[in-house]
J.: 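Please see the structure below; I have some questions.
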Amino acid sequence: MVLIDENTKVLVQGITGRQGRFHTGAMLNYGTKIVAGVTPGKKGESVRGVPVYNSVDEAMREREADASIIFVPAKHAMNAVMEAIEFSLNPIVVITEGIPVHDTMKFVEKAREKGINIIGPNTPGIISPERCKIGIMPSRVFKKGSVAILSRSGTLTYEIAYNLSSNGLGQSLCVGIGGDPVIGTDFVDLLPLFEEDEETNAIVLIGEIGGDAEERASDFIKKMKKPVVAYIAGISAPPGKKMGHAGAIIERGGDAKSKQRALQEAGVRVATTPSEISNILRGIVGTDGRKLE
Amino acid sequence: MRLYEYQGKELVRAHGIPVPEGYLVTSPEEAERVAELLGEVALKAQVLSGGRGKAGGVLFASSPKEARKRAEELFSKKVHGYRVEKLLVEKKLRIEKEIYIGIIVDRSTRKPAIIVSPKGGVDIESVPPEYLKVRHLSPNRGLSDARDLTSFLGMSGEEWIIEKLYEIFTKYDMQLLEINPLIYDGNSYIAADVRAIVDDNALFRQNFEINYEEMNERERMARERGIAYVELDGDIGIIGNGAGLVMATMDLVYLRGGKPADFCDLGGGADRERVKEAIKIVLQHPSLKKLLINILGGITRCDEVALGILEASPNVPTVIRMMGTKEEEGREILEKAGIKVEKTLEEAVESVVKWS
């Protein structure tokens, strides 16, 4: 098991907001064990049968939770994450977009000092197909299997997961690491877990322009035994242009070509299109024969 | 958001760090009068980009007449594509030492980093590593002792300058604060140039006026509507949801021989109104010939997107690919109106590139 499994008990912070409500329903439908929700001032309410508390402290007095997912608006997100850290919830999946980077640096440092995995911010979350979803991704594109996906992107991950699932390549775990410049858990933090994981036979790494997460991952991949296949978005992006993600500022990191080169030198097979990933994987690990309808 | 040099200097001066005596001017006549007051001056174009000196954005004058002439030159030119609307006219400094101090958010260590060099006044990338010192800080505990940095810089006893700069960096939610150079004039330390970038995500709790980087009408419209739009020089308009997906769509168009006209990211959960507005903006690109819309529905609903497309009714060949939430409904809405919907990204890109 990496990070989560079918027994992971989840707390939802920001459960009474529009997004919190909707995705609590979607996660419950997927089979995720949601034990409580938190929204200050909303104690006594319930969302889809999940009891709501005023604080993590209150919730933890009455319920037992392992992990947290955070939908709290950016202004208040740091306090919410700090509360979850205080109660050693792990992992803490931070869906919220637009958190000030100084706030993120603070809660990420606290979490790492305690050995807690923050996933995100600005992440679609994490899914162990057919077992547990702590996130906002559309469930139906994922299928249980033995390929792990680690990605800096949201919808592009759905695209690639759908393509893999349609080609009989199910997934052991998919982690959106988040699109912000500072994130809690990076490729290099996760790769060792998948190298050890018995359920994972191959790893797909989805990167994009900006920063040096892919370059740092390459250094670790050199020492890995399991095959890694990568795709990097932004090959056609002109230098110096900001393409949406705060993290994808090209002038502060390698361009797509130099990332591809670094990964290739580490022995990674780099796909030039999203659909090529499944072709490469089929040659390496074979399919599990079950295709997504 | 970048700050203008004069804004950065106001902050630095307000925290007790000296800056050169100078005035902000908007005409050559004003520049002349300032030079009458200050004597030898530096005239610095106020633009939101780095590398200004190399681009000819800083000129010197030894008389008021010359200051006027140099100001005329600067007002009539563009620096990195920016029109020059304001000049900072400053008294020329006596230089004994030039020092570099930069503080950044270092994404790979997830901490603020202070970078210093006793060889300031030049591109910091060109300074040999033995003249650079980098110190990472705890974002929770801050800077407790700067003595190792000041002694490296040969300015022991002046720790307060670095402490103040770190205070400004955190107080104003900066991603970058750079003093290059910090000049020693034989008497005191003076911040001769200040570059600062404030975190866009923190503008809600800061009091800055918004500085718009140089952008055209379409980019401005998109920004006002919260749509991420970057203009490129091709002819195939690209719209999608999610930065990674839009980039991957652009990349595939490019690999198949097409030329993307833009990057346009609707973000998450776009409704029909937002889709309509994005299409209208993209269609205004002067060389636009075709349009490709790629939607992966999660929190975004394909039926809403389809309705937005119909309302915008694009007047160029348009290829749609949609998948996910309410896909069937979206497809039905579009196909009833005679618009074909492709199943895969590959098919959609193939179809838009070949369409002529």
Side-chain angles (χ1 to χ4, degrees), chain A residues 19 22 74-75 97-106 108-110 112 124 136-138 140-141 151-159 162-163 179 181-184 186 206 208-209 211-213 216 231 233-238 241-248 252-253 256 272-275, chain B residues 104-108 110-112 138-141 169-170 173-175 199-205 228-234 240-256 259-260 263-265 267-269 294-300 323-325 344-346 349:
Chain A
Q19 268 213 47
F22 179 80
K75 279 183 192 184
E97 251 184 277
I99 300 177
V101 70
H102 283 259
D103 292 0
T104 302
M105 286 193 292
K106 284 180 185 153
V108 163
E109 181 185 58
K110 268 264 157 60
R112 291 179 75 90
I136 61 172
M137 54 285 266
R140 67 181 198 97
V141 303
S151 175
R152 283 175 65 185
S153 170
T155 45
L156 178 56
T157 313
Y158 315 158
E159 169 83 44
Y162 175 70
N163 194 278
V182 172
I183 51 172
D186 219 328
I206 306 166
E208 61 184 36
I209 51 172
D212 64 350
R216 284 182 292 117
Y231 173 79
I235 202 89
S236 65
K241 294 267 189 180
K242 191 173 166 175
M243 299 284 169
H245 278 186
R252 294 195 56 195
T272 50
T273 69
S275 60
Chain B
I104 60 161
V105 170
D106 179 26
R107 52 199 282 175
S108 62
R110 312 163 168 96
K111 292 173 190 303
S138 157
N140 287 301
R141 291 176 287 277
F169 175 77
T170 53
D173 275 301
M174 288 178 178
Q175 288 175 311
D199 178 9
D200 288 345
N201 288 344
L203 289 173
F204 71 85
R205 63 185 179 198
Y229 174 80
V230 179
E231 200 153 301
L232 306 167
D233 51 15
N241 59 329
L245 184 69
V246 180
M247 277 196 281
T249 308
M250 282 167 55
D251 290 352
L252 199 57
V253 164
Y254 169 81
L255 284 170
R256 297 286 177 261
K259 288 207 174 74
F263 161 98
C264 180
D265 175 10
N294 183 19
I295 301 296
L296 250 166
I299 39 176
T300 307
M323 199 183 91
T325 313
T344 69
L345 174 59
E346 297 276 350
V349 168

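On a predicted model such as this, the values are computed, not experimentally measured, just so you know. Every chain is numbered from 1, with letters handed out A, B, ... down the list of sequences.
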J.: If you count heavy-atom pairs under 4.5 Å with chain A, which of B:Val246, B:Asp173, B:Leu252, B:Thr344 comes out on top?
T.: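 Highest number of heavy-atom pairs under 4.5 Å: B:Asp173.
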
J.: Provide the closest heavy-atom pair for A:Thr155 versus B:Leu296 in the form atom of the first, atom of the second, distance.
T.: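 The pair with the smallest heavy-atom distance is O-CD1, 3.2 Å.
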
J.: Testing the basics here: between B:Arg107 and A:Val182, what is the closest heavy-atom pair and its distance to 0.1 Å?
T.: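 The answer is CA-CG2, 4.1 Å.
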
J.: With rounding to the nearest 0.5 angstrom, report the OH to CG distance, A:Tyr162 to B:Leu345.
T.: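 The distance works out to 12.0 Å.
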
J.: Is there side-chain contact between A:Thr273 and B:Arg256, with at least one heavy-atom pair below 4.5 Å?
T.: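 Counting from C-beta outward, A:Thr273 and B:Arg256 do come under 4.5 Å.
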
J.: Shortest non-hydrogen contact from A:Thr272 to B:Leu255?
T.: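 Nearest pair, atom of A:Thr272 first, then B:Leu255: O-CD1, 3.4 Å.
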
J.: Among B:Leu203, B:Thr325, B:Asn241, single out the residue with the greatest number of heavy-atom pairs under 4.5 Å to chain A.
T.: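 Of B:Leu203, B:Thr325, B:Asn241, B:Asn241 has the most heavy-atom pairs under 4.5 Å with chain A.
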
J.: Measure the spacing between OG1 of A:Thr104 and CG of B:Asn201 and express it to the nearest 0.5 Å.
T.: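 Those atoms lie 8.0 Å apart.
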
J.: Picking from B:Asn140, B:Asp233, B:Asp199, B:Thr170, which has the most non-hydrogen pairs under 4.5 angstrom with chain A?
T.: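 Winner by heavy-atom pair count: B:Asn140.
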
J.: Quick check on A:Ile99 against chain B: is it the side chain, the backbone, both or neither that has a heavy atom closer than 4.5 Å?
T.: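 Backbone of A:Ile99 only, per the 4.5 Å heavy-atom cut-off to chain B.
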
J.: Can you name the closest pair of heavy atoms from B:Ser108 and A:Asp212 and give their distance?
T.: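 Heavy atoms only, the tightest pair is CB-OD1, 3.6 Å.
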
J.: With respect to chain B, which residue among A:Lys106, A:Arg112, A:Glu109, A:Glu97 yields the maximal number of heavy-atom pairs within a distance under 4.5 Å?
T.: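 Answer, by heavy-atom pair count under 4.5 Å with chain B: A:Glu109.
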
J.: B:Ser138 versus chain A, heavy atoms under 4.5 Å apart: side chain, backbone, both or neither?
T.: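 Both parts, backbone and side chain.
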
J.: Side chain, backbone, both or neither: which part of B:Tyr229 has a heavy atom under 4.5 Å from chain A?
T.: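 Contact with chain A: none, neither part.
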
J.: Under 4.5 Å from any heavy atom of chain B, what part of A:Asn163 do you find: side chain, backbone, both or neither?
T.: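 A:Asn163 has no heavy atom closer than 4.5 Å to chain B.
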
J.: At a heavy-atom separation under 4.5 Å, does A:Val108 approach chain B through its side chain, its backbone, both, or neither?
T.: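 Just its side chain gets close to chain B.
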
J.: Which atom pair, heavy atoms only, marks the closest approach of B:Asn294 to A:Glu159?
T.: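 So the minimum-distance heavy-atom pair works out to ND2-OE1, 4.4 Å.
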
J.: Using heavy-atom distances under 4.5 Å, tell me whether A:Met137 contacts chain B through its side chain, its backbone, both, or neither.
T.: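 For A:Met137, there is no contact with chain B at all, as no heavy atom is under 4.5 Å.
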
J.: Considering all heavy atoms of both residues, which atom of A:Ala233 and which atom of B:Ala248 are nearest to each other, and what is their separation?
T.: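 Answer, listing the atom of A:Ala233 first, then B:Ala248: CB-N, 4.3 Å.
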
